2 protein chains.
Amino acid sequence: MDHTRKVFQISYDTNHPFSTLTLRIGILLFPGFQALDAFGPLDCINVLSWTHDVSLAVIAPSLDPVSTKSPMSPNALGQNIVPTHTFDTAPPFDVLLVPGGLGTRGSSAPVLGAIEFIKTVYPSLKYLITVCTGSGLAARSGVLDGRKATTNKMAWEEITRLGPNVHWVSRARWVADGNIWTSSGVSAGIDITLAWIEEVYGEDVARKIADGMEYTRHTDASHDPFADLYGL
Amino acid sequence: MDHTRKVFQISYDTNHPFSTLTLRIGILLFPGFQALDAFGPLDCINVLSWTHDVSLAVIAPSLDPVSTKSPMSPNALGQNIVPTHTFDTAPPFDVLLVPGGLGTRGSSAPVLGAIEFIKTVYPSLKYLITVCTGSGLAARSGVLDGRKATTNKMAWEEITRLGPNVHWVSRARWVADGNIWTSSGVSAGIDITLAWIEEVYGEDVARKIADGMEYTRHTDASHDPFADLYGL
(Lines give C-alpha, C1' and ligand atoms only; values in the text may rest on other atoms or scores of the structure.)
Protein backbone atom coordinates (compact mmCIF):
# COMPACT_ATOMS: atom_id res chain seq x y z
CA MET A 1 0.00 0.00 0.00
CA ASP A 2 1.30 3.42 -0.96
CA HIS A 3 0.73 6.74 0.68
CA THR A 4 1.89 10.08 -0.57
CA ARG A 5 3.39 12.22 2.11
CA LYS A 6 1.23 15.24 1.52
CA VAL A 7 3.80 17.86 2.31
CA PHE A 8 7.15 16.26 1.65
CA GLN A 9 5.86 14.56 -1.51
CA ILE A 10 7.60 11.30 -0.73
CA SER A 11 6.08 8.03 -1.78
CA TYR A 12 5.49 5.85 1.26
CA ASP A 13 5.69 2.11 0.71
CA THR A 14 5.36 -0.28 3.63
CA ASN A 15 7.72 -2.70 1.91
CA HIS A 16 10.40 -0.06 1.43
CA PRO A 17 9.58 2.47 4.11
CA PHE A 18 12.80 4.46 4.04
CA SER A 19 12.71 7.42 1.73
CA THR A 20 15.57 9.27 0.16
CA LEU A 21 14.70 12.50 1.96
CA THR A 22 15.21 13.17 5.64
CA LEU A 23 12.62 14.93 7.77
CA ARG A 24 14.62 17.27 10.00
CA ILE A 25 13.18 17.98 13.44
CA GLY A 26 14.42 20.29 16.16
CA ILE A 27 13.20 20.33 19.75
CA LEU A 28 13.80 23.33 21.97
CA LEU A 29 14.67 22.57 25.59
CA PHE A 30 15.16 24.91 28.57
CA PRO A 31 15.41 24.34 32.34
CA GLY A 32 12.02 23.38 33.73
CA PHE A 33 10.48 22.01 30.54
CA GLN A 34 7.74 19.47 31.35
CA ALA A 35 9.04 15.93 30.72
CA LEU A 36 5.92 14.54 29.04
CA ASP A 37 5.46 17.67 26.90
CA ALA A 38 8.73 16.70 25.21
CA PHE A 39 8.82 12.91 25.49
CA GLY A 40 5.23 12.27 24.39
CA PRO A 41 5.97 13.84 20.97
CA LEU A 42 9.54 12.48 20.94
CA ASP A 43 8.35 8.92 21.53
CA CYS A 44 6.07 9.25 18.48
CA ILE A 45 8.99 10.64 16.47
CA ASN A 46 11.35 7.93 17.74
CA VAL A 47 8.93 5.19 16.60
CA LEU A 48 8.46 7.01 13.27
CA SER A 49 12.25 6.85 12.84
CA TRP A 50 12.15 3.03 12.95
CA THR A 51 10.58 3.07 9.47
CA HIS A 52 11.21 6.58 8.13
CA ASP A 53 14.25 8.78 7.71
CA VAL A 54 14.15 11.44 10.43
CA SER A 55 16.88 13.52 12.02
CA LEU A 56 16.63 15.27 15.38
CA ALA A 57 18.47 18.20 16.92
CA VAL A 58 17.99 18.67 20.67
CA ILE A 59 18.57 22.41 21.05
CA ALA A 60 19.23 24.24 24.33
CA PRO A 61 20.93 27.38 25.65
CA SER A 62 24.20 25.43 26.07
CA LEU A 63 25.44 21.85 25.68
CA ASP A 64 25.07 21.26 29.43
CA PRO A 65 22.37 18.72 30.33
CA VAL A 66 18.96 20.40 30.70
CA SER A 67 16.84 19.54 33.73
CA THR A 68 13.08 19.13 33.70
CA LYS A 69 13.23 20.70 37.15
CA SER A 70 12.21 24.33 37.20
CA PRO A 71 14.52 26.82 38.92
CA MET A 72 11.26 28.05 40.53
CA SER A 73 10.63 24.65 42.24
CA PRO A 74 13.78 23.89 44.22
CA ASN A 75 12.20 20.90 46.02
CA ALA A 76 10.88 19.24 42.86
CA LEU A 77 12.40 16.28 41.05
CA GLY A 78 13.98 16.53 37.64
CA GLN A 79 15.72 14.46 35.01
CA ASN A 80 18.64 15.70 32.90
CA ILE A 81 18.64 15.49 29.10
CA VAL A 82 21.74 15.98 26.94
CA PRO A 83 21.36 18.55 24.11
CA THR A 84 22.99 18.03 20.73
CA HIS A 85 23.14 21.71 19.70
CA THR A 86 22.95 25.22 21.15
CA PHE A 87 20.85 28.13 19.86
CA ASP A 88 23.99 29.22 17.97
CA THR A 89 25.01 25.83 16.50
CA ALA A 90 21.59 24.41 15.57
CA PRO A 91 21.52 22.98 12.04
CA PRO A 92 18.70 23.80 9.60
CA PHE A 93 15.50 21.87 10.31
CA ASP A 94 11.95 21.65 8.96
CA VAL A 95 9.92 21.31 12.16
CA LEU A 96 10.43 22.93 15.56
CA LEU A 97 8.84 21.29 18.62
CA VAL A 98 8.42 23.56 21.67
CA PRO A 99 7.37 21.96 24.96
CA GLY A 100 5.92 23.91 27.88
CA GLY A 101 6.41 23.65 31.60
CA LEU A 102 7.06 25.79 34.66
CA GLY A 103 10.33 26.83 33.01
CA THR A 104 8.51 28.89 30.36
CA ARG A 105 7.67 31.50 32.97
CA GLY A 106 9.55 34.70 33.69
CA SER A 107 12.35 36.42 31.80
CA SER A 108 15.48 34.47 32.65
CA ALA A 109 18.23 34.28 30.04
CA PRO A 110 17.15 30.75 28.85
CA VAL A 111 13.52 31.91 28.48
CA LEU A 112 14.45 35.05 26.55
CA GLY A 113 16.89 32.98 24.47
CA ALA A 114 14.15 30.46 23.62
CA ILE A 115 11.74 33.23 22.59
CA GLU A 116 14.41 34.87 20.38
CA PHE A 117 15.28 31.47 18.86
CA ILE A 118 11.63 30.81 17.88
CA LYS A 119 11.41 34.29 16.31
CA THR A 120 14.65 33.78 14.37
CA VAL A 121 14.00 30.29 12.97
CA TYR A 122 10.25 30.55 12.31
CA PRO A 123 10.57 31.98 8.76
CA SER A 124 12.61 28.91 7.72
CA LEU A 125 10.22 26.32 9.22
CA LYS A 126 7.73 24.09 7.45
CA TYR A 127 5.95 23.60 10.80
CA LEU A 128 6.04 24.99 14.33
CA ILE A 129 4.45 22.64 16.91
CA THR A 130 3.98 23.74 20.51
CA VAL A 131 2.75 21.70 23.47
CA CYS A 132 1.06 23.07 26.59
CA THR A 133 2.50 26.40 27.76
CA GLY A 134 5.06 26.23 24.96
CA SER A 135 2.52 28.39 23.11
CA GLY A 136 3.31 31.11 25.66
CA LEU A 137 6.89 31.22 24.38
CA ALA A 138 5.62 31.29 20.78
CA ALA A 139 3.16 34.07 21.68
CA ARG A 140 5.92 36.18 23.24
CA SER A 141 8.01 35.72 20.09
CA GLY A 142 5.21 37.31 18.04
CA VAL A 143 4.80 34.43 15.58
CA LEU A 144 1.28 33.63 16.84
CA ASP A 145 -0.06 37.13 16.14
CA GLY A 146 -3.23 36.88 14.04
CA ARG A 147 -3.27 33.07 14.33
CA LYS A 148 -5.61 30.68 16.07
CA ALA A 149 -3.88 28.83 18.93
CA THR A 150 -4.51 27.03 22.20
CA THR A 151 -2.59 26.24 25.39
CA ASN A 152 -2.76 24.51 28.79
CA LYS A 153 -6.23 24.95 30.26
CA MET A 154 -5.21 25.25 33.93
CA ALA A 155 -2.79 28.06 32.95
CA TRP A 156 -5.24 29.65 30.49
CA GLU A 157 -5.47 33.17 31.92
CA GLU A 158 -1.74 33.47 32.53
CA ILE A 159 -0.69 32.27 29.07
CA THR A 160 -3.35 33.94 26.93
CA ARG A 161 -2.43 37.32 28.46
CA LEU A 162 0.99 36.90 26.83
CA GLY A 163 -0.56 37.04 23.35
CA PRO A 164 -3.18 39.82 23.11
CA ASN A 165 -3.14 39.59 19.29
CA VAL A 166 -3.55 35.79 19.19
CA HIS A 167 -6.98 34.25 18.46
CA TRP A 168 -7.01 31.89 21.43
CA VAL A 169 -9.30 28.85 21.13
CA SER A 170 -10.41 27.73 24.60
CA ARG A 171 -12.06 24.42 23.64
CA ALA A 172 -9.45 22.44 21.74
CA ARG A 173 -7.21 19.43 22.25
CA TRP A 174 -5.11 21.11 19.59
CA VAL A 175 -5.38 23.83 16.93
CA ALA A 176 -3.78 23.81 13.47
CA ASP A 177 -3.62 27.21 11.74
CA GLY A 178 -1.48 27.06 8.64
CA ASN A 179 1.95 25.82 9.60
CA ILE A 180 1.53 26.54 13.32
CA TRP A 181 0.12 23.72 15.44
CA THR A 182 -0.51 24.33 19.16
CA SER A 183 -1.79 21.83 21.71
CA SER A 184 -3.49 21.90 25.07
CA GLY A 185 -1.69 20.70 28.21
CA VAL A 186 0.99 18.02 28.61
CA SER A 187 -0.54 14.73 27.34
CA ALA A 188 -2.21 16.61 24.45
CA GLY A 189 1.28 16.71 22.94
CA ILE A 190 0.87 13.05 22.00
CA ASP A 191 -2.40 13.74 20.16
CA ILE A 192 -1.11 16.78 18.28
CA THR A 193 2.01 14.89 17.19
CA LEU A 194 0.02 11.91 15.93
CA ALA A 195 -2.39 14.30 14.14
CA TRP A 196 0.58 16.03 12.52
CA ILE A 197 2.13 12.69 11.51
CA GLU A 198 -1.23 11.79 9.95
CA GLU A 199 -1.21 15.09 8.04
CA VAL A 200 2.30 14.53 6.69
CA TYR A 201 2.64 10.73 6.38
CA GLY A 202 -0.99 9.55 6.23
CA GLU A 203 -3.44 7.94 8.63
CA ASP A 204 -1.92 4.46 8.36
CA VAL A 205 1.46 5.60 9.67
CA ALA A 206 -0.09 7.56 12.57
CA ARG A 207 -2.36 4.67 13.52
CA LYS A 208 0.46 2.14 13.56
CA ILE A 209 2.54 4.37 15.84
CA ALA A 210 -0.42 4.86 18.22
CA ASP A 211 -1.17 1.12 18.21
CA GLY A 212 2.47 0.31 18.96
CA MET A 213 2.36 2.76 21.88
CA GLU A 214 -0.99 1.22 22.97
CA TYR A 215 -2.34 4.75 22.95
CA THR A 216 -6.04 5.45 22.33
CA ARG A 217 -5.81 8.66 20.32
CA HIS A 218 -8.10 11.65 20.62
CA THR A 219 -8.64 12.26 16.90
CA ASP A 220 -11.16 15.10 17.33
CA ALA A 221 -9.24 18.36 17.74
CA SER A 222 -12.23 19.95 19.52
CA HIS A 223 -12.50 17.19 22.16
CA ASP A 224 -11.64 18.99 25.40
CA PRO A 225 -13.05 17.88 28.76
CA PHE A 226 -10.45 20.08 30.46
CA ALA A 227 -11.99 23.28 29.07
CA ASP A 228 -15.08 22.33 31.11
CA LEU A 229 -13.05 21.26 34.14
CA TYR A 230 -11.29 24.61 34.30
CA GLY A 231 -14.45 26.61 33.52
CA LEU A 232 -13.46 27.95 30.09
CA MET B 1 -9.41 17.31 53.22
CA ASP B 2 -7.21 14.64 54.69
CA HIS B 3 -6.13 11.35 53.16
CA THR B 4 -4.06 8.72 54.81
CA ARG B 5 -1.31 7.42 52.60
CA LYS B 6 -2.29 3.81 52.89
CA VAL B 7 1.16 2.32 52.77
CA PHE B 8 3.50 4.98 54.04
CA GLN B 9 1.04 5.99 56.77
CA ILE B 10 1.58 9.69 56.24
CA SER B 11 -1.25 12.12 56.79
CA TYR B 12 -1.94 14.07 53.60
CA ASP B 13 -3.29 17.57 53.99
CA THR B 14 -3.79 19.78 50.94
CA ASN B 15 -2.98 22.83 53.05
CA HIS B 16 0.31 21.37 54.23
CA PRO B 17 1.13 18.83 51.56
CA PHE B 18 4.77 18.19 52.42
CA SER B 19 5.29 15.32 54.78
CA THR B 20 8.23 14.54 57.01
CA LEU B 21 8.96 11.26 55.23
CA THR B 22 10.47 10.92 51.77
CA LEU B 23 9.20 8.41 49.21
CA ARG B 24 12.33 7.02 47.58
CA ILE B 25 12.01 5.98 43.93
CA GLY B 26 14.55 4.37 41.64
CA ILE B 27 14.21 4.05 37.87
CA LEU B 28 16.30 1.55 35.96
CA LEU B 29 17.61 2.72 32.58
CA PHE B 30 19.52 0.84 29.88
CA PRO B 31 20.35 1.60 26.22
CA GLY B 32 17.21 1.33 24.09
CA PHE B 33 14.65 1.94 26.82
CA GLN B 34 11.44 3.37 25.35
CA ALA B 35 11.22 7.11 26.09
CA LEU B 36 7.52 7.22 27.00
CA ASP B 37 7.76 4.05 29.13
CA ALA B 38 10.02 6.05 31.43
CA PHE B 39 8.82 9.64 31.03
CA GLY B 40 5.09 8.90 31.32
CA PRO B 41 5.58 7.57 34.87
CA LEU B 42 8.34 10.11 35.62
CA ASP B 43 6.12 13.03 34.63
CA CYS B 44 3.51 11.79 37.13
CA ILE B 45 6.23 11.46 39.78
CA ASN B 46 7.68 14.88 38.94
CA VAL B 47 4.26 16.51 39.41
CA LEU B 48 3.76 14.52 42.64
CA SER B 49 7.05 16.01 43.87
CA TRP B 50 5.62 19.55 43.58
CA THR B 51 3.46 18.82 46.64
CA HIS B 52 5.00 15.71 48.24
CA ASP B 53 8.46 14.73 49.39
CA VAL B 54 9.90 12.31 46.81
CA SER B 55 13.48 11.41 45.93
CA LEU B 56 14.59 9.83 42.68
CA ALA B 57 17.65 7.81 41.68
CA VAL B 58 18.19 7.35 37.92
CA ILE B 59 20.11 4.08 37.83
CA ALA B 60 22.07 2.75 34.85
CA PRO B 61 25.03 0.47 34.05
CA SER B 62 27.39 3.48 34.26
CA LEU B 63 27.16 7.25 34.75
CA ASP B 64 27.42 7.82 30.99
CA PRO B 65 24.23 9.25 29.44
CA VAL B 66 21.81 6.49 28.44
CA SER B 67 20.24 6.65 24.98
CA THR B 68 16.67 5.67 24.19
CA LYS B 69 18.10 4.41 20.90
CA SER B 70 18.48 0.66 20.79
CA PRO B 71 21.82 -0.77 19.71
CA MET B 72 19.64 -3.00 17.49
CA SER B 73 18.24 0.00 15.55
CA PRO B 74 21.25 1.95 14.26
CA ASN B 75 19.14 4.24 12.04
CA ALA B 76 16.65 5.17 14.75
CA LEU B 77 16.60 8.39 16.74
CA GLY B 78 17.39 8.59 20.42
CA GLN B 79 17.68 11.04 23.28
CA ASN B 80 20.32 10.85 26.02
CA ILE B 81 19.42 10.89 29.72
CA VAL B 82 21.96 11.45 32.51
CA PRO B 83 21.93 8.81 35.28
CA THR B 84 22.50 9.74 38.91
CA HIS B 85 23.74 6.31 40.08
CA THR B 86 25.12 3.03 38.80
CA PHE B 87 23.99 -0.48 39.72
CA ASP B 88 26.81 -0.45 42.28
CA THR B 89 26.23 3.02 43.79
CA ALA B 90 22.40 3.08 43.91
CA PRO B 91 21.07 4.25 47.29
CA PRO B 92 18.29 2.39 49.11
CA PHE B 93 14.84 3.07 47.65
CA ASP B 94 11.24 1.93 48.19
CA VAL B 95 9.95 1.66 44.62
CA LEU B 96 11.72 0.47 41.48
CA LEU B 97 10.36 1.55 38.08
CA VAL B 98 11.44 -0.60 35.11
CA PRO B 99 10.62 0.65 31.60
CA GLY B 100 10.62 -1.57 28.52
CA GLY B 101 11.78 -1.00 24.98
CA LEU B 102 13.78 -2.65 22.22
CA GLY B 103 16.78 -2.53 24.57
CA THR B 104 15.28 -5.20 26.85
CA ARG B 105 16.03 -7.84 24.23
CA GLY B 106 19.02 -10.12 24.07
CA SER B 107 21.76 -10.80 26.58
CA SER B 108 24.11 -7.82 26.33
CA ALA B 109 25.97 -6.74 29.47
CA PRO B 110 23.49 -3.91 30.25
CA VAL B 111 20.52 -6.29 29.88
CA LEU B 112 22.07 -8.97 32.10
CA GLY B 113 23.11 -6.26 34.57
CA ALA B 114 19.54 -4.92 34.70
CA ILE B 115 18.12 -8.41 35.32
CA GLU B 116 20.63 -9.05 38.11
CA PHE B 117 19.90 -5.63 39.64
CA ILE B 118 16.14 -6.37 39.78
CA LYS B 119 16.83 -9.74 41.41
CA THR B 120 19.19 -8.19 43.99
CA VAL B 121 17.04 -5.23 45.06
CA TYR B 122 13.59 -6.83 44.92
CA PRO B 123 13.64 -8.20 48.51
CA SER B 124 14.18 -4.64 49.84
CA LEU B 125 11.40 -3.02 47.76
CA LYS B 126 7.95 -1.91 48.85
CA TYR B 127 6.87 -1.96 45.20
CA LEU B 128 8.19 -3.08 41.82
CA ILE B 129 6.49 -1.34 38.88
CA THR B 130 7.22 -2.40 35.30
CA VAL B 131 6.01 -0.82 32.07
CA CYS B 132 5.63 -2.57 28.70
CA THR B 133 8.38 -5.14 28.01
CA GLY B 134 10.05 -4.18 31.29
CA SER B 135 8.12 -7.17 32.64
CA GLY B 136 10.35 -9.32 30.43
CA LEU B 137 13.38 -8.19 32.44
CA ALA B 138 11.47 -8.85 35.69
CA ALA B 139 10.41 -12.30 34.41
CA ARG B 140 14.00 -13.22 33.56
CA SER B 141 15.07 -12.15 37.06
CA GLY B 142 12.65 -14.72 38.54
CA VAL B 143 10.72 -12.28 40.72
CA LEU B 144 7.52 -12.74 38.71
CA ASP B 145 7.39 -16.50 39.25
CA GLY B 146 3.98 -17.48 40.60
CA ARG B 147 2.64 -13.95 40.16
CA LYS B 148 0.02 -12.49 37.86
CA ALA B 149 1.55 -10.05 35.37
CA THR B 150 1.04 -8.45 31.97
CA THR B 151 3.18 -6.90 29.24
CA ASN B 152 3.14 -5.21 25.80
CA LYS B 153 0.42 -6.82 23.65
CA MET B 154 2.26 -6.58 20.30
CA ALA B 155 5.26 -8.36 21.88
CA TRP B 156 3.08 -10.82 23.83
CA GLU B 157 4.44 -14.15 22.53
CA GLU B 158 8.06 -13.05 22.74
CA ILE B 159 7.85 -11.70 26.30
CA THR B 160 5.57 -14.30 27.89
CA ARG B 161 7.94 -17.06 26.73
CA LEU B 162 10.56 -15.50 29.04
CA GLY B 163 8.45 -16.32 32.10
CA PRO B 164 7.00 -19.85 31.89
CA ASN B 165 6.13 -19.78 35.61
CA VAL B 166 4.38 -16.40 35.47
CA HIS B 167 0.56 -16.22 35.38
CA TRP B 168 0.34 -13.91 32.39
CA VAL B 169 -2.90 -11.90 32.06
CA SER B 170 -3.58 -11.11 28.40
CA ARG B 171 -6.45 -8.65 28.85
CA ALA B 172 -5.20 -5.96 31.17
CA ARG B 173 -4.14 -2.32 31.03
CA TRP B 174 -2.20 -3.23 34.15
CA VAL B 175 -2.03 -5.98 36.80
CA ALA B 176 -1.31 -5.53 40.52
CA ASP B 177 -0.32 -8.70 42.36
CA GLY B 178 0.89 -7.92 45.86
CA ASN B 179 3.78 -5.49 45.60
CA ILE B 180 4.45 -6.17 41.91
CA TRP B 181 2.60 -3.97 39.43
CA THR B 182 3.06 -4.61 35.69
CA SER B 183 1.54 -2.65 32.81
CA SER B 184 0.74 -3.18 29.17
CA GLY B 185 2.62 -1.29 26.43
CA VAL B 186 4.19 2.20 26.51
CA SER B 187 1.35 4.66 27.30
CA ALA B 188 -0.12 2.20 29.83
CA GLY B 189 2.77 3.28 32.05
CA ILE B 190 0.89 6.53 32.74
CA ASP B 191 -2.23 4.64 33.87
CA ILE B 192 -0.38 2.19 36.11
CA THR B 193 1.56 5.02 37.76
CA LEU B 194 -1.59 7.05 38.43
CA ALA B 195 -3.31 3.89 39.77
CA TRP B 196 -0.35 3.26 42.04
CA ILE B 197 -0.35 6.90 43.23
CA GLU B 198 -4.06 6.47 44.00
CA GLU B 199 -3.27 3.32 46.00
CA VAL B 200 -0.57 5.05 48.04
CA TYR B 201 -1.68 8.71 48.26
CA GLY B 202 -5.42 8.50 47.60
CA GLU B 203 -7.72 9.22 44.66
CA ASP B 204 -7.64 12.99 45.12
CA VAL B 205 -3.89 13.19 44.59
CA ALA B 206 -3.97 10.94 41.52
CA ARG B 207 -6.87 12.85 39.99
CA LYS B 208 -5.20 16.22 40.46
CA ILE B 209 -2.03 14.99 38.76
CA ALA B 210 -4.01 13.55 35.82
CA ASP B 211 -6.04 16.77 35.52
CA GLY B 212 -2.85 18.85 35.54
CA MET B 213 -1.47 16.65 32.76
CA GLU B 214 -4.83 16.94 30.91
CA TYR B 215 -4.78 13.15 30.78
CA THR B 216 -8.04 11.16 30.64
CA ARG B 217 -7.10 8.16 32.76
CA HIS B 218 -8.05 4.57 32.11
CA THR B 219 -9.12 3.67 35.66
CA ASP B 220 -10.32 0.13 34.80
CA ALA B 221 -7.32 -2.21 34.96
CA SER B 222 -9.08 -4.70 32.65
CA HIS B 223 -9.74 -2.10 29.90
CA ASP B 224 -7.62 -3.34 27.00
CA PRO B 225 -8.59 -2.69 23.37
CA PHE B 226 -5.08 -3.76 22.35
CA ALA B 227 -5.64 -7.35 23.51
CA ASP B 228 -8.35 -7.48 20.82
CA LEU B 229 -6.23 -5.64 18.26
CA TYR B 230 -3.40 -8.14 18.60
CA GLY B 231 -5.73 -11.16 18.78
CA LEU B 232 -5.09 -12.18 22.40
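Here is how names work: the chains are called A, B, and so on, in the same order as the sequence lines, proteins then strands, and each is numbered from 1. This structure is a prediction, so every number in the text was calculated from the model and none was measured.
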Geometric class of the [Y]/[X] ring pair [parallel <30°, tilted 30-60°, perpendicular >60°]:
| X | Y | result |
| --- | --- | --- |
| B/F33 | B/F39 | tilted |
| A/H218 | A/H223 | parallel |
| B/Y201 | B/W196 | perpendicular |

- Task: Could you look at B/K69 and say if it's the side chain, the backbone, both or neither that has a heavy atom under 4.5 Å from chain A?
- Result: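 For B/K69, there is no contact with chain A at all, as no heavy atom is under 4.5 Å.
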- Heavy-atom proximity to chain A below 4.5 Å, by part of B/F226: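 For B/F226, side-chain heavy atoms alone lie under 4.5 Å from chain A.
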- Have A/S135 and A/T151 got a donor and an acceptor in their side chains that come within less than 3.5 Å?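 A/S135 vs A/T151: donor-acceptor pair found between side chains.
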- Side-chain donor/acceptor of A/W168 to backbone N/O of A/T160, under 3.5 Å: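 Such a contact is found between A/W168 side chain and A/T160 backbone.
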- Query: Is a side-chain N or O of A/E198 found less than 3.5 angstrom from the main chain of A/E203, in a donor-acceptor match?
  - Reply: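 Judged by distance alone, no pair lies under 3.5 Å.
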Counting only heavy atoms closer than 4.5 Å, note whether [X] contacts chain B via side chain, backbone, both or neither.
| X | result |
| --- | --- |
| A/Q79 | side chain |
| A/T84 | neither |
| A/L229 | side chain |
| A/L102 | side chain |

- Return the option, out of B/N152, B/I190, B/I45, with the maximum number of heavy-atom pairs under 4.5 Å with chain A.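 Top count of heavy-atom pairs under 4.5 Å with chain A: B/N152.
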- Query: What residue in B/D43, B/L42, B/V186 has the most heavy-atom pairs under 4.5 Å with chain A?
  - Reply: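 Of the candidates given, the most pairs with chain A belong to B/D43.
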- Message: If the threshold is 4.0 Å, N to carboxylate O, is there a salt bridge linking B/E158 and B/R105?
- Response: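 Between B/R105 and B/E158 there is a salt bridge, with a charged N closer than 4.0 Å to a carboxylate O.
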- Task: Return the option, out of A/G189, A/S187, A/S73, A/P65, with the maximum number of heavy-atom pairs under 4.5 Å with chain B.
- Result: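 Maximum pair count with chain B is reached by A/S187.
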